[in-house]
S.K.: 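The structure's right below; bear with me while I get my questions together.
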Amino acid sequence: VQLQAFGGGLVQAGGSLRLSCAASGSIFSLNGMGWSRQGSGQQRELVASIISGGTTTYADSVKGRFTISRDNAKNTVYLQMNSLKPEDTAVYYCYADVITVVKGNPQRAKYWGQGTEFTVFS
């Protein structure tokens with residue numbers, strides 16, 4: 001199973017950006033998907049998550065500005081980020097709780113994408 005993230009770059013404060021992350025491989029089903037971020041010198045924090053039924057959660061710092069969504073047919077999760085602030089600058093990592101079938105037995109594991117970075121400048 002692999003997660004490939006897309007997006008990132010340089011954006012002015014107040015601007016918008018959308019990240020996407022596609023899961024591929026021998027996936028039986030995807031449960032939760034989401035995004036974490038890690039700024040320079042900071043611990044990784046959960047930004048947003050979405051379960052297969054569509055329920056979402058957000059960090060307080062991004063509520064009202066970020067929207068997470070998913071396309072189950074494409075095994076893809078998106079993060080729409082609006083009203084970006086310099087403090088949003090970080091490396092963003094997508095993750096997915098994946099169920100695979102190994103020798104007839106379901107196996108559950110969390111997979112992470114490679115990280116995509118963007119900088120918000122004022």
Side-chain angles (χ1 to χ4, degrees):
V1 176
Q2 292 185 330
L3 271 65
Q4 181 71 47
F6 303 91
L10 201 62
V11 62
Q12 192 169 17
S16 299
L17 196 66
R18 188 173 89 151
L19 304 180
S20 62
C21 176
S24 62
S26 300
I27 298 170
F28 179 73
S29 69
L30 287 173
N31 292 333
M33 302 183 78
W35 296 87
S36 292
R37 68 184 180 186
Q38 187 166 19
S40 178
Q42 299 179 358
Q43 291 186 331
R44 188 178 295 193
E45 64 168 343
L46 178 65
V47 174
S49 64
I50 183 169
I51 63 174
S52 57
T55 300
T56 58
T57 58
Y58 296 93
D60 288 341
S61 58
V62 306
K63 281 182 181 177
R65 301 188 298 121
F66 290 12
T67 301
I68 189 171
S69 61
R70 62 190 285 171
D71 184 332
N72 292 327
K74 296 181 179 179
N75 290 340
T76 299
V77 62
Y78 305 94
L79 187 66
Q80 177 65 44
M81 303 175 289
N82 300 325
S83 301
L84 284 164
K85 304 175 181 179
E87 50 263 44
D88 294 319
T89 296
V91 178
Y92 284 69
Y93 300 90
C94 60
Y95 72 87
D97 291 319
V98 181
I99 295 179
T100 59
V101 178
V102 179
K103 296 182 180 179
N105 297 312
Q107 302 288 335
R108 180 176 179 176
K110 175 174 281 187
Y111 292 85
W112 291 89
Q114 82 282 11
T116 183
E117 182 175 9
F118 70 86
T119 299
V120 183
F121 65 95
S122 57

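What you see is a predicted model, and the numbers here were worked out from it, not measured in a lab. Here, residue 1 is the first one in the sequence, and each next residue gets the next number. What's counted below: heavy atoms across the whole structure, side chains too, no hydrogens, waters or symmetry copies.
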S.K.: Treating Thr76 as the side-chain partner and Lys74 as the backbone partner, does any N or O pair qualify as donor plus acceptor under 3.5 Å?
M.R.: yes
S.K.: For Ile68 versus Gly34, what's the shortest heavy-atom pair and its separation?
M.R.: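 Heavy atoms of Ile68 and Gly34 come nearest at CD1-CA, 3.8 Å.
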S.K.: Answer yes or no: is there a side-chain heavy-atom contact under 4.5 Å between Arg65 and Asp88?
M.R.: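 Counting from C-beta outward, Arg65 and Asp88 do come under 4.5 Å.
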S.K.: Report the C-alpha distance between Val120 and Gln12 in whole Å, list the side-chain angles of each, state the deciding distance to 0.1 Å, and finish with yes or no for side-chain contact (heavy atoms from CB on, under 4.5 Å).
M.R.: CA-CA 5 Å; Val120 183; Gln12 192 169 17; over 6 Å; no
S.K.: Taking all non-hydrogen atoms of both residues into account, name the closest pair between Ser122 and Ala13 and its distance.
M.R.: CA-CB, 4.1 Å
S.K.: Using the side-chain hydrogen bond (donor to acceptor under 3.5 Å, both in side chains) rule, take Asn105 and Gln107 through it: C-alpha gap first, then chi angles, then the decisive distance, then the call.
M.R.: CA-CA 6 Å; Asn105 297 312; Gln107 302 288 335; over 6 Å; no
S.K.: Does the pair Glu45 and Arg37 meet the rule for a side-chain contact (heavy atoms from CB on, under 4.5 Å), with working shown?
M.R.: CA-CA 5 Å; Glu45 64 168 343; Arg37 68 184 180 186; 2.7 Å; yes
S.K.: Measuring from Ser52:OG to Arg70:CZ, what's the distance to the nearest 0.5 Å?
M.R.: 5.5 Å
S.K.: Under a 3.5 Å cutoff, is there a donor and acceptor pairing between the side chains of Thr57 and Ser49?
M.R.: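 Judged by distance alone, the side chains do pair up.
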S.K.: Main chain of Ala23, side chain of Tyr111: is a donor-acceptor contact present, judged purely on distance under 3.5 Å?
M.R.: no
S.K.: Show your working on side-chain contact (heavy atoms from CB on, under 4.5 Å) between Val11 and Met81 and close with a plain yes or no.
M.R.: CA-CA 11 Å; Val11 62; Met81 303 175 289; over 6 Å; no
S.K.: In sequence, state the C-alpha distance, the side-chain angles, and the governing distance for Leu19 and Trp35, and then conclude on side-chain contact (heavy atoms from CB on, under 4.5 Å).
M.R.: CA-CA 10 Å; Leu19 304 180; Trp35 296 87; 3.6 Å; yes
S.K.: Between Leu17 and Leu84, is any pair of side-chain heavy atoms under 4.5 Å apart?
M.R.: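 Yes, their side chains come closer than 4.5 Å.
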S.K.: Check Gln38 against Gln42 and note the closest heavy-atom contact, atom names and distance.
M.R.: NE2-O, 3.0 Å
S.K.: Please tell me whether Val1 and Ile50 are part of a single hydrophobic cluster in this structure, the criterion being side-chain heavy atoms less than 4.5 Å apart.
M.R.: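 Yes, because Val1 and Ile50 connect within a single hydrophobic cluster, where side-chain heavy atoms sit under 4.5 Å apart.
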S.K.: Is NZ or CZ of Arg44 both nearer than 6.0 Å to the six-membered ring centre of Trp112 and within 45° of the ring axis?
M.R.: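 Yes; both conditions hold, so Arg44 lies above the ring face of Trp112.
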S.K.: How about Ser16 and Asn82: does a side-chain donor come under 3.5 Å of a side-chain acceptor?
M.R.: yes
S.K.: Distance under 6.0 Å and angle within 45° of the ring axis: does Lys110 meet both against Tyr95?
M.R.: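 Yes; both conditions hold, so Lys110 lies above the ring face of Tyr95.
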S.K.: With no hydrogens and no angle check, is any side-chain donor or acceptor of Ser20 less than 3.5 Å from a backbone partner on Tyr78?
M.R.: no
S.K.: Are Asn31 and Ile51 packed together at the side-chain level, in the sense that at least one heavy-atom pair is separated by less than 4.5 angstrom?
M.R.: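 When only atoms from C-beta onward are counted, Ile51 and Asn31 do not touch, as no gap falls below 4.5 Å.
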S.K.: List in chain and number order the residues that pass ring pair (Phe, Tyr, Trp, His ring centres under 6.0 Å) with Phe118, two or more places apart in sequence or in another chain; answer none if no residue qualifies.
M.R.: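 Partners of Phe118 under the ring pair (Phe, Tyr, Trp, His ring centres under 6.0 Å) test: Tyr92.
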S.K.: Between Thr67 and Tyr58, is there a side-chain heavy-atom distance shorter than 4.5 Å?
M.R.: yes
S.K.: How close do Ile99 and Pro106 get, heavy atom to heavy atom, and via which atoms?
M.R.: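 The pair with the smallest heavy-atom distance is CG2-CB, 4.1 Å.
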S.K.: Any donor and acceptor pair, going by atom type alone, linking the side chain of Thr116 with main-chain N or O of Gly7 inside 3.5 Å?
M.R.: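 Yes; at least one donor-acceptor contact below 3.5 Å.
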S.K.: For Gln2 and Gly25, indicate whether the former's side chain and the latter's backbone hold a donor-acceptor pair under 3.5 Å.
M.R.: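 Judged by distance alone, no pair lies under 3.5 Å.
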S.K.: Would you indicate whether the side-chain heavy atoms of Met33 and Asn75 approach each other to under 4.5 Å?
M.R.: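 Contact flag for Asn75/Met33 side chains = no.
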S.K.: Atom OG in Ser29, atom CZ in Arg108: separation rounded to 0.5 Å?
M.R.: 9.0 Å
S.K.: From Ser24 OG over to Leu3 CG, what is the distance, rounded to the nearest 0.5 angstrom?
M.R.: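 So the gap between those two atoms works out to 7.5 Å.
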S.K.: Counting only heavy atoms from other residues, nucleotides and ligands, does the tally under 6.0 Å from CZ of Phe121 exceed 12?
M.R.: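 Yes, because the 6.0 Å sphere around CZ of Phe121 holds more than 12 heavy atoms from other groups.
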